[in-house]
Every structure is written in C-alpha cells, then in structure tokens.
Amino acid sequence: MGRVLIIGAGGVGTVVAHKVAQNADVFTDIMIASRTKEKCEKIVKAIGNPNIKTAKVDADNVDELVALFNDFKPEIVINVALPYQDLTIMEACLKTRVNYLDTANYEPKDEAHFEYSWQWAYHDRFKEAGLTAILGCGFDPGVSGIYTAYAAKHYFDEIQYLDIVDCNAGNHHKAFATNFNPEINIREITQNGRYYENGKWVTTGPLEIHKDLTYPNIGPRDSYLLYHEELESLVKNFPTIKRARFWMTFGQEYLTHLRVIQNIGMARIDEVEYNGTKIVPLQFLKAVLPNPQDLGENYEGETSIGCRIRGIKNGKEHTYYVYNNCSHQEAYKETGMQGVSYTTGVPAMIGAMMFLKGEWKRPGVNNVEEFNPDPFMEQLNKQGLPWHEVFDKDLEL
C-alpha cells in the first residue's frame with residue numbers, strides 16, 4: 001500500500017520498525033535511516049526481514065535528507081530522531097513533496113524550551129503543497145490527544161477538566177537511567193512546570209506541585225505536575241477546557257540523582273571549555289549514562305498512561321478515565337525494547353497507517369486530536385496497546 005521511511009534508530013525507532021514490518025499489508029516498502037547505518041542494519045537483522053532497506057543520513061542536513069527522499073521516494077516519513085531535527089526534516093519533506101509524522105515537537109538545542117509555534121508556522125506551506133503533517137503521534141503527546149478526542153466525540157458535550165497521568169512503575173535495576181534520550185528527558189523535567197486554567201497559563205517551579213494518584217494494577221504513586229506539549233494543542237482544539245494539567249511519576253532515588261546532576265552543573269546545556277575543547281555538560285552526561293535501548297532485558301513492571309476527564313453531557317456532570325497499562329517484559333519480548341519506547345513507537349506506526357489507509361489525510365500541519373479518533377482507537381487494541389475505560393468514578397484530581 002505504501003512506502004515509509006523511518007528516521008531514527010534508537011529505542012522508539014526500533015519499535016516503529018518492528019511494528020511497521022508486522023503490518024506488511026499497509027507498509028509495502030520500508031527504509032530505516034540514521035546517522036549511524038550500522039544501528040539500522042542491527043534493527044533489520046533483529047526483525048529478520050532483509051527486504052527492509054537502510055541508509056545513513058544526517059537529519060540536521062536538509063540537502064542530505066532531500067537526496068535520500070528523492071532516492072527512496074517515501075509516501076510518508078516517520079520522524080523519531082531528536083526534536084532538534086523536526087524543522088530540517090519538515091523542510092526536506094516540502095522540497096520533495098513527502099508527507100510527515102513525528103512524536104515530539106521541535107525544541108532548539110540552545111534553549112530548554114518547547115512549543116508548537118515553530119511547527120504550526122509550516123501549516124500554510126504544507127497545505128499549499130497538498131501534504132499532510134501529523135504532529136505528536138507518540139503516546140503523550142499522541143494517544144493522550146486521541147483519548148481526549150474520543151471522549152469529546154462519544155461521551156461529552158463539553159470537556160471542562162483534563163488531567164493526563166503518566167506512571168512508570170517499572171524497575172530497570174540501574175542506579176539512575178532515563179527511559180528515553182537522557183538529554184531530552186533531563187531538559188524536560190528540569191524546566192518550570194506549567195498548566196492551563198481559566199484561559200491562562202500558570203507557571204510553577206520545577207516539580208513543585210505533586211500528590212499521590214492511584215494507578216490501575218499499580219497503586220498509589222507520587223505524581224508531579226510538569227508541562228507537556230500536548231496541553232498547548234488540546235486547549236486550542238477543545239476550547240471548552242477550563243483546566244488542563246499533566247502529571248508524571250518519579251521515584252525518590254531518581255529525584256535525588258536529578259538534584260545532584262543539577263547541583264553539580266551537569267544539567268547545563270551551554271558550552272564549557274575542558275582541556276581546550278568545548279563540551280556541553282548534559283551531552284557529556286548522556287554519553288556516560290545507560291543507553292535507554294539497553295534497559296529492556298531486565299526491566300520489570302509496567303507503565304500506566306491515561307486521561308482523567310470531567311465534563312458535561314446532556315446537562316449533567318460526568319467523569320471518564322481512559323488508560324493503557326503496558327508491560328515492560330511483554331514489550332521486550334516482542335521488540336527487544338522496554339515499555340516506554342513501545343508506548344511511543346506503536347502509536348507512531350498507527351499514525352502512519354492511518355495516513356496510508358486514507359483515514360487521516362488533511363493538507364496542512366495537524367495535531368492528532370484534529371483527526372477522527374475511532375479507527376486509531378481500534379488499532380490500539382489490535383497493535384499491542386489495549387485501552388480501558390472507567391465511568392463516573394473519583395478521579396482524585
């Protein structure tokens with residue numbers, strides 16, 4: 001049915017490649033490209049499909065991307081490289097008339113700040129070219145937006161309160177490790193928190209607000225309020241929302257290590273000089289921390305991610321909780337990667353599937369909640385991320 005190019009050969013890229021290969025009726029021609037071709041070849045070997053092509057590409061270089069796109073001629077690019085590279089890949093897509101999908105919004109290398117404005121600015125160019133760009137098609141952002149759209153379509157006349165809750169109750173048996181790219185992870189967590197209330201954004205200190213929330217099959221976990229990009233698009237696309245927040249769990253050992261990293265300057269993203277060479281401390285730290293791709297084998301436990309929603313239907317207030325629990329062990333058995341990579345990679349594949357099947361085609365730059373959620377929700381159950389619903393119970397928030 002379609003030709004797909006996956007850019008990125010990390011943990012999420014590995015999951016995307018496995019899931020794309022499992023759906024050969026939709027993805028007829030597959031290429032994996034990365035700065036390191038050997039990593040792509042390793043994924044192909046693990047999948048066991050020699051028909052998957054590989055390529056070396058610098059995703060910071062528009063000309064290299066254009067040459068690759070012109071050579072392979074994909075119908076859609078799945079961008080699971082670094083968020084720094086979103087704009088160069090989007091530029092290359094415009095130059096070669098290729099459709100685009102990513103899992104995380106753009107952020108500049110020199111500032112720990114992320115918002116959709118840079119990518120939304122491409123809307124008119126993609127629309128005029130007749131190309132579809134799908135933003136934030138991981139789990140959060142991604143499935144969190146689709147859950148919200150599904151709730152709005154089927155259960156509410158007005159969504160008024162939205163809390164996205166993300167718990168990783170797994171144990172990787174490392175003193176300190178991040179579940180995805182350490183540089184991006186630490187930049188995200190050490191920023192100020194932010195949430196939306198009554199038409200305004202409220203800023204908090206980093207991890208300043210926290211409370212116990214109870215997660216299905218897991219129990220209570222200390223959950224911290226932080227800013228996450230899907231809040232920005234969801235309050236725009238669902239203007240009845242009065243308050244939107246994002247919560248994530250962290251263990252005390254993780255937070256202790258994080259404080260030490262910040263206190264000794266290793267979370268800095270500006271250059272320092274060391275022995276006559278300029279280095280970025282956080283990038284150096286990334287090089288010595290465990291690789292998230294290598295955590296899966298000994299990872300135990302599960303993740304639980306969902307949306308807790310309160311709103312109005314037929315004049316009455318209702319609550320709704322929709323969530324998925326994902327086993328790290330089961331994710332590893334299927335793809336060789338842990339659950340955090342799995343929960344991001346599976347939705348990216350489904351988003352590309354939605355495009356190739358003609359379910360999600362709209363020229364311009366679109367966030368996932370702007371599309372019909374129903375066929376995507378159906379595929380979540382089929383592709384390894386089944387969802388569960390709880391109606392009119394205490395949301396704890």
Side-chain angles (χ1 to χ4, degrees), residues 11-12 15 83 103-105 114 136-148 151 161-172 177-182 184-191 193-196 204 206-234 243-252 254-255 258 292 295 299 301-309 320-328 331 337-348 368-369 380 385-388 390 395-397:
V12 176
V15 174
T103 62
N105 72 353
F114 49 95
C137 197
F139 206 109
D140 45 354
V143 175
S144 55
I146 294 154
Y147 281 169
T148 305
Y161 299 94
L162 168 66
D163 286 278
I164 299 166
V165 292
D166 184 327
C167 172
N168 181 9
N171 182 1
H172 47 53
T178 61
N179 293 291
F180 58 94
N181 184 291
I184 303 300
N185 181 256
I186 292 171
R187 281 167 61 120
E188 179 181 299
I189 292 165
T190 55
Q191 291 186 62
R194 197 155 63 108
Y195 65 95
Y196 181 84
T204 71
L207 307 183
E208 176 187 351
I209 297 174
H210 61 103
K211 65 178 297 179
D212 269 2
L213 297 175
T214 305
Y215 295 88
N217 204 41
I218 292 169
R221 288 289 190 278
D222 201 7
S223 306
Y224 292 78
L225 186 148
L226 53 97
Y227 178 68
H228 229 236
E229 64 244 51
E230 67 261 49
L231 299 180
E232 181 184 12
S233 68
L234 287 169
R243 187 184 67 213
R245 302 177 295 190
F246 183 95
W247 304 83
M248 184 174 280
T249 61
F250 300 102
Q252 286 306 309
Y254 179 94
L255 293 176
L258 189 64
L295 298 177
Y299 224 134
E302 60 190 331
T303 65
S304 182
I305 313 173
C307 293
R308 302 185 184 190
I309 298 170
Y320 175 64
Y321 179 22
V322 55
Y323 67 92
N324 162 266
N325 277 34
C326 178
S327 161
H328 287 291
M337 293 295 128
Q338 37 89 353
V340 176
S341 295
Y342 191 87
T343 55
T344 305
V346 173
V368 294
E369 66 269 16
L380 284 171
L385 292 176
W387 43 278
H388 312 275
V390 179
L395 297 180
E396 305 180 300
L397 289 159

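Counting only heavy atoms from C-beta outward, the side chains of Leu213 and Thr249 never approach each other to under 4.5 Å. Between Leu385 and Tyr342, some side-chain heavy-atom pair lies under the 4.5 Å cut-off. Taking 4.5 Å as the limit, every side-chain heavy atom of Asn324 sits out of range of all side-chain heavy atoms of Ile305. The side-chain heavy atoms of Val143 and Leu380, taken from C-beta on, include a pair separated by under 4.5 Å. For the pair Phe250/Ile189, a side-chain contact is recorded, criterion being any heavy-atom separation below 4.5 Å from C-beta on. No side-chain heavy atom of Val165 sits less than 4.5 Å from a side-chain heavy atom of Ser223.
Using modelled atom types, one side-chain atom of His328 and one backbone atom of Gly339 make a donor-acceptor pair closer than 3.5 Å. The backbone N or O of Pro141 sits nowhere less than 3.5 Å from a side-chain atom of Ser144 that would complete a donor-acceptor pair. No side-chain donor-acceptor contact under 3.5 Å links Ser327 to the backbone of Glu302.
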Practice problem: Apply salt bridge (charged side-chain N to carboxylate O under 4.0 Å, His left out) to the pair Arg308 and Glu396, showing each step before the final yes or no. | Solution: CA-CA 9 Å; Arg308 302 185 184 190; Glu396 305 180 300; 2.8 Å; yes
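Pairing each heavy atom of Ser304 with each of Tyr321, the nearest pair is OG-OH, 4.2 Å.
Residues passing the side chain to side chain contact (heavy atoms under 4.5 Å, CB included) test with Thr344, sequence neighbours excluded: Val12, Thr103.
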